[in-house]
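Lettering follows sequence order; numbering is per chain, from 1. Scope of the values below: all heavy atoms of this structure, side chains included, with no hydrogens, waters or symmetry mates.
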Amino acid sequence: MAVQKPTIPSGTRDFSPEEMVKRNYIFDTIKKVFQLYGYLPIETPAMENLSTLLGKYGEEGDKLLFKVLNSGDFLSNVKTDDFGNKESNKVALQISEKGLRYDLTVPFARYVVMHRNDINFPFKRYQIQPVWRADRPQRGRYREFYQCDVDVIGSDALLNEVELIQMIDDIFSRLHVAVEIKLNNRKILAGIAEMVGEDDKMMDITVAIDKLDKIGLEKVNSELLDKGVSEAAIEKLQPILTMKGTQQEKLMLLRELLQTSETGMKGIEETLYIMNKVAELGVESMVELDLTLARGLNYYTGAIIEVKAADVKIGSICGGGRYDNLTGIFGMDGTSGVGISFGADRIYDVLNELDLFPENKELSTMVFFVNFGEEEEKYTLRVLQKVRKAGINAELFPTADKMKKQMNYADKKNIPFVVIIGQDEIEKDVLSVKNMKTGEQEEMRLTDFIMKVKAF
RNA sequence: GUGGAUGUAGCUCAGCUGGUUAGAGCAUUGGAUUGUGGUUCCAAGGGUCGUGGGUUCGAGCCCCAUCUUCCACCCCA
């Protein structure tokens, strides 16, 4: 039988020990801050019923769901017509009732509804788990990646939005990454659409605004026309498209322009509140209004937040917003939530590119014992035990291989101290300690050695 | 999902208009050095040239399909 080359599905990755140490540094930092602000973890299954997933992410999102084949004789219930006509979508629904989760927010909403009687509202939880999207992979875009979600549900206070921004600021300053926090509000977008008299074209208008920087005003206008937006509406939109000035000035101008729209005004008030509070609290990162921020997810209703690394071009590394009625789909109305999601994989790429990972010396082996053979091994094993008891990460080479090989192993593993215990040392009751960085070697007693390593 | 590029040793790559046995550096293994790594020297192992088909006397090179990775779009963390 021919040996097959092992591969993994495109867009997925293996993580080496070195990578995991770095990844855990990110996860640990994020978790620490989440808990600092009073959020506690939950987990949900990798698979959800398709019925809870479908229709929550828009048409595009449905296409990107990984579906899980039913177990057993999954073809038995398929309608032959659908199969014969190659109706992939219809057939898919007949042979699959589960799917891999696409994000953590929708499963969370499902969780809240299912456990509503046990939950103490407002419910502050975080969740760090992988999600899957059948997207075409690219740089910084994977088919399996981790999200770190924090949400608070059951409170419509804007203080929650402020707290989320504080946490963003806290986490990225701990990671030493300079970021820009962009803020928008779905109500402002809706207000703009209302003001120009094209309520139902909100998404098209938003996407057009989003492209302003890329393709320019003229093309944006002609694209709007293509989408069926009336000329009068486009005319009314011009002051917003060409708006200039500081954050405050823009908001003031918007306040004038959107006077006729109650929703729009509310969005502006909300944004002003959030921005003022954030300014009062002295958040380090730059926080700015960005009308182009649409965020495809359908369920946002208020604030929209997105974070970009200031020094690396990689797309957003954190995003989220307020969803007033996500639980409504699952039969629980009037519960507002707001949350954000940190993209661990992209943050990893950013830290890697900027060389911001710390030396995690407390995680790796500190002391390596050379193995000289049966008799020395017996003695060394006891020494090793004492070193470990002192809380020092240490290991003994499992076989009495050549010194060169053992030293090589220690060197590659970046172990700072190598301890050599042969017959001489046993007789003298000392350790020969080699500092791998300086190459110096000296004999010392065990207790002195332990103190030396601890002080290192 | 649409368009473009890419794939040769574990890694990074060379390989002429199609022509004998496909190369280098790094890495690996062994030796110089039977208690001393990171430097040096010597040697060895390692390839169905992404996969499948086609053209040809002959294909790593040309053609088709397919997959991978990357880039742009769509969308997104």
Side-chain angles (χ1 to χ4, degrees), chain A residues 2-13 16 26 30 57-65 88-89 101-105 128-149 203 206-207 210-211 214-215 293-298 304-309 313-321 339-350 368-373 376 397 400-426 432-443:
Chain A
V3 240
Q4 55 166 0
K5 270 192 184 167
T7 54
I8 52 174
S10 87
T12 65
R13 296 149 300 157
S16 67
I26 296 174
I30 289 174
Y57 310 107
E59 229 175 284
E60 282 296 323
D62 284 356
K63 279 191 213 157
L64 299 179
L65 281 175
S88 303
N89 284 330
R101 65 167 164 255
Y102 178 93
D103 74 353
L104 299 177
T105 309
I128 298 179
Q129 289 189 276
V131 303
W132 294 270
R133 294 182 190 178
D135 210 344
R136 186 177 284 208
Q138 261 181 51
R139 170 175 160 67
R141 176 186 289 189
Y142 307 100
R143 283 180 154 173
E144 178 187 62
F145 61 95
Y146 274 73
Q147 288 193 330
C148 312
D149 270 35
M203 277 314 292
T206 310
V207 169
D210 183 26
K211 288 189 179 165
K214 280 188 201 164
I215 63 176
L293 235 189
R295 295 197 51 78
L297 296 184
N298 285 347
I304 306 173
I305 303 164
E306 187 168 297
V307 182
K308 287 192 162 182
K313 232 185 118 185
I314 197 170
S316 77
I317 51 178
C318 174
I340 49 172
S341 179
F342 291 78
D345 302 270
R346 283 190 179 171
I347 295 172
Y348 180 96
D349 291 343
V350 169
F368 175 85
F369 287 89
V370 176
N371 189 326
F372 270 109
E376 293 89 340
F397 204 73
D401 279 346
K402 283 194 182 155
M403 188 80 120
K404 183 185 168 91
K405 188 172 176 175
Q406 301 194 41
M407 292 295 272
N408 223 312
Y409 171 87
D411 185 46
K412 283 201 179 141
K413 224 173 155 179
N414 250 320
I415 299 172
F417 297 104
V418 167
V419 174
I420 298 160
I421 305 175
Q423 283 305 324
D424 294 355
E425 286 82 1
I426 294 178
S432 282
V433 176
K434 176 156 184 162
N435 181 322
M436 292 296 274
K437 213 161 221 163
T438 62
E440 285 164 21
Q441 185 168 322
E442 54 179 322
E443 293 185 348

Rounded to whole Å, please give me the gap between [atom1] in [X] and [atom2] in [N].
| X | N | atom1 | atom2 | value |
| --- | --- | --- | --- | --- |
| A/Glu440 | B/rU36 | CD | P | 19 Å |
| A/Glu306 | B/rC75 | CD | C1' | 12 Å |
| A/Glu60 | B/rA77 | CD | P | 13 Å |
| A/Leu64 | B/rC75 | CG | P | 11 Å |
| A/Lys404 | B/rU40 | NZ | P | 11 Å |
| A/Ile304 | B/rA77 | CD1 | P | 11 Å |
| A/Gln147 | B/rA77 | CD | P | 7 Å |
| A/Arg136 | B/rC73 | CZ | P | 14 Å |

### Message
For A/Phe368 and A/Tyr409, take the angle between the two ring planes, folded into 0 to 90°, and tell me which bin it lands in: parallel under 30, tilted 30 to 60, perpendicular over 60.
### Response
tilted

Quick check for you: among [options], whose closest atom lies nearest to any side-chain atom of [X]?
| X | options | result |
| --- | --- | --- |
| A/Glu425 | B/rG37, B/rC75, B/rG35 | B/rG35 |
| A/Arg133 | B/rA77, B/rG37, B/rG35 | B/rA77 |
| A/Asn408 | B/rA77, B/rG38, B/rG35 | B/rG38 |
| A/Ser316 | B/rU36, B/rA72, B/rA77 | B/rA77 |

[N] versus [M] - spacing of their [atom1] atoms, nearest Å:
| N | M | atom1 | result |
| --- | --- | --- | --- |
| B/rU55 | B/rC62 | C1' | 8 Å |
| B/rA9 | B/rA14 | C1' | 13 Å |
| B/rU6 | B/rC13 | C1' | 14 Å |
| B/rG19 | B/rA59 | P | 11 Å |
| B/rG15 | B/rG7 | C1' | 15 Å |
| B/rU36 | B/rC42 | P | 22 Å |
| B/rG46 | B/rC64 | P | 36 Å |
| B/rG52 | B/rC61 | P | 13 Å |

### Message
Can you tell me if A/Lys402 touches the phosphate of B/rG31, counting only side-chain N or O atoms and a distance under 4.0 Å to OP1 or OP2?
### Response
yes

### Message
Does B/rU69 have OP1 or OP2 under 4.0 Å away from a side-chain N or O of A/Ser10?
### Response
yes

### Task
May I have the step-by-step check of side-chain contact (heavy atoms from CB on, under 4.5 Å) for A/Phe372 and A/Met403, ending in yes or no?
CA-CA 8 Å; A/Phe372 270 109; A/Met403 188 80 120; 3.8 Å; yes

In Watson-Crick or G-U wobble terms, both distances under 3.5 Å, what is the partner of [N]?
| N | result |
| --- | --- |
| B/rG52 | B/rC64 |
| B/rG3 | B/rC71 |
| B/rU12 | B/rA24 |

## Note on the structure
By nearest-heavy-atom nucleotide on RNA chain B, the more 5' of A/Asp411 and A/Pro9 is A/Asp411

### Query
Given that A/Gln138 and A/Gly61 both sit by RNA chain B, which one's nearest nucleotide is further toward the 5' end?
A/Gln138

### Exceeds 12 heavy-atom contacts within 6.0 angstrom, atom CZ of A/Phe145
yes

Using a 4.0 Å heavy-atom cut-off across all strands, classify [X] as base, sugar-phosphate, or nothing.
| X | answer |
| --- | --- |
| A/Ile420 | base |
| A/Tyr142 | base |
| A/Gly373 | nothing |
| A/Glu376 | nothing |
| A/Asp135 | base |
| A/Ser341 | nothing |
| A/Lys413 | nothing |

### Query
Should A/Ile426 and A/Glu376 be marked as a side-chain contact (heavy atoms from CB on, under 4.5 Å) after you check the CA-CA gap, both sets of side-chain angles, and the distance that decides it?
CA-CA 8 Å; A/Ile426 294 178; A/Glu376 293 89 340; 4.1 Å; yes

#### Entry: A/Phe372-B/rG35 aromatic stacking (under 5.5 Å, under 30°)
no

Give a yes or no on whether a donor-acceptor pair under 3.5 Å exists between the nucleobase atoms of [N], that is its base, and the side chain of [X].
| X | N | answer |
| --- | --- | --- |
| A/Arg141 | B/rC75 | yes |
| A/Lys434 | B/rU36 | yes |
| A/Gln441 | B/rU36 | yes |

### Summary
The complete set of salt bridge (Lys or Arg N to Asp or Glu O under 4.0 Å) pairs with one or both residues in residues 432-442 of chain A, sequence neighbours excluded, reads A/Glu442-A/Lys452

### Task
Test A/Asp149 against A/Gln129 for side-chain contact (heavy atoms from CB on, under 4.5 Å), laying out the working first.
CA-CA 9 Å; A/Asp149 270 35; A/Gln129 289 189 276; over 6 Å; no

### Query
Could you give the distance from OG (A/Ser341) to CD1 (A/Ile317), rounded to the nearest 0.5 Å?
11.5 Å

### Message
Checking side-chain polar atoms at under 3.5 Å, does A/Glu144 have a donor or acceptor matched by the opposite partner on A/Thr12?
### Response
no

